[in-house]
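This report concerns only the one structure given below.
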Amino acid sequence: MAPVRVRFSPAPTGELHVGGARTALCNLLFARGHGAGSDGATFLLRIEDTDRARVREEWVDGIQDTLHWLSIGWDGQPIRQSEHVDRYVAVAEQFLADGLAYECFCTEDDVKERNATARAAGRPPGYDGHCRDLTTAERDERRAEGRASVLRFRTPDTGVSTFRDLIRGDVTVEWANIPDFVILRSDRSPIFFLANAVDDLDEGITHVIRGEDLIDTTHRVLVLRRAMGAAEQPIYAHLPLILAADRSKLSKRHGSVAVEEFRSRGILPEALLNYLALLGWSPDEAIGEILSLAELIEHFDLEHVTHASAVFDEKKLEWINGEWMRRLDTAELAARVEPEVRERFGAAFDPDVFAHAVAIGQERSSTLVQLVDQMACLFVADDDLVIEPEAWARLEAVERADDVLDAVIAHVEACEWTVDGINLVEVIKQLGLKPGKVMAAVYVAIEGRAQGLPVFDAIWLIGQEHALNRLRAARDRLG
RNA sequence: GCCCCCAUCGUCUAGUGGCCCAGGACGCCGCCCUUUCAAGGCGGUAACGGGGAUUCGAACUCCCCUGGGGGCACCA
């Protein structure tokens, strides 16, 4: 059997979407699961940039950067469809010469308008074959009028189209339901179906793994391949779609969809990949759900992918992310956030304090953003510590907050300067109060909020002078 | 409207005729731990959309209904 050749083919009309990332991942897993080296599988990246109106060069780069971030690596140089336009046009013209395609003079508006009438009359929309059987004379007449034309591919009138899908089995549609479709726009630029069919054939793609939203287009691509004389058809696998929480299509209205958004929200690439793989697929219970890319490659199996679309669950993503944060080596985790922390806190950044804070925060946060936010109080000047109104209210609500702060100040002035020496539990108990009930006041005074790093560590990390400044400031404000 | 795909806990899923009065994970709830909050540990709640058919037996097979998603562009 010939080596497996797959491709991920995004259209650079926006940032990489989680759906696209999942498609790319499944292609990668499939390829890497089918041998390595010279006789192993090949995974290509193909940029489908034939729509000149919507493509932007920044997205071409952006998508590749995002794939790199996810450690989804492809083989060789990315392929640009825009560089193969001549080839697509030549194929289209051959179709015209062979009578498989025809010139169509209907404008986009004509087609839209007739579609609307068809719908209103209860007839199916889609091209109605208006220019299908124009005579040579009629065509000449229209050209003489200066009317632009597109090239339309003539689909069979009868029979069915069937292809085999690795996930769904045989998928069959009657040709009568597939109208003639455009392959060359009026500006002679090729359309998706054509470019896709030509490239898959030219590149010897053996398996096409993509989203289910493309399932209906498969028949059109296949008929073009046959028209080109392709002896074999690739095997398809249509992945179930990812849905928003309300089961509608995942879109910006429902929160994050771009991979970069998850990145900026402090999600690790390992976690996103892991979560995406779990959408529609699940490993043996004995293995557990937290899997590295290498483990996914080992276990993932396209034939066990579910058929139904899946709702994207950000809670579970965050849980997986927390698991990954704890699995990462502390130094590695620190390295991932250090540039950001340095930039955010400038001169106040202290490498030793930072290292300690990461070690503590690693065990208690679910995202990188949480991790960094927790340590923010360590790198701000005492006067710049922001205490939100709710946090201050929390402090004020603490029983005998004034006594608590006085006792804490006295202790911090005199105690041995170690985390154990700072321990305030006995101090609070001596006041006849429960540490668990009143400690929040100390958190607010030191960290500016009622949640964050364990406060004895925080006090130790900012140092005696700063700790006292903050405690006294809070005490003064309390009056 | 027409075509295609699909249907197990709130969510992701296991389950391929008896092992299932349905297992796991996230969430949620409770308890424990505890320097607030988290994190962690333990426990609990919760599902086979409906109706027929086949069978000794159906979550698993078939049909219908209902429901959901996708497609029907000179986007991909």
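Each chain gets a letter, A, B and so on, in the order its sequence line appears, and its residues count up from 1.
Counting any heavy atom pair closer than 4.0 Å across all strands shown, A:Q362 reaches no nucleic acid atom.
Checking A:R210 against A:H238 by side-chain atom types alone, a donor-acceptor pair falls below 3.5 Å.
Minimum atom distance to the side chain of A:D216 is reached by B:rG70, of the listed B:rU11, B:rC6, B:rG70. Nearest nucleotide to the A:E212 side chain, out of B:rA39, B:rC5, B:rC26: B:rC5. When the nucleotides B:rG23, B:rU16, B:rA7 are ranked by their closest atom to the side chain of A:E285, B:rG23 comes out on top. Nearest nucleotide to the side chain of A:D213, out of B:rG71, B:rU13, B:rC74: B:rG71.
Taking the 5.5 Å centre cut-off and the 30° plane limit, the aromatic side chain of A:F456 is classed as stacked on B:rU35.
Protein atom CD1 of A:I183 is 13 Å distant from nucleotide atom P of B:rC75, rounded to whole Å. A straight line from CG of A:D110 to C1' of B:rA73 spans 14 Å, rounded to a whole angstrom. Nucleotide B:rC28 holds its C1' atom 9 Å from the NZ atom of A:K315, rounded to whole Å. One interatomic measurement links the two molecules: CD1 of A:I242 to C1' of B:rC12, which rounds to 12 Å at whole-angstrom precision.
Between A:F312 and A:Y275, the ring-plane angle classifies as perpendicular under the 30° and 60° cut-offs.
For A:F8 and A:W74, the ring centers are positioned 6.0 Å apart or more. Aromatic pair A:F95/A:Y88: centroids not less than 6.0 angstrom apart.
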### Query
Could you go step by step and tell me if A:F354 and A:V337 meet the side chain to side chain contact (heavy atoms under 4.5 Å, CB included) rule?
CA-CA 10 Å; A:F354 170 72; A:V337 293; 3.8 Å; yes
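A heavy atom closer than 4.0 Å to some atom of RNA chain B occurs in A:E48, A:T50, A:D51, these being the qualifying members of residues 43-53 of chain A.
Each of A:D109 and A:L317 was assigned the nucleotide of RNA chain B with the nearest heavy atom; the assignment lying further toward the 5' end belongs to A:L317.
The pairing partner recorded for B:rG67 is B:rC6, the criterion being a Watson-Crick or G-U wobble arrangement whose two distances lie under 3.5 angstrom. Pairing of B:rC62, defined by two Watson-Crick or G-U wobble distances under 3.5 Å, is identified with B:rG52.
Residue pairs meeting the ring-ring contact (aromatic ring centres under 6.0 Å, His included) criterion with at least one partner in residues 169-190 of chain A, sequence neighbours excluded, are A:F153-A:F181, A:F181-A:F193.
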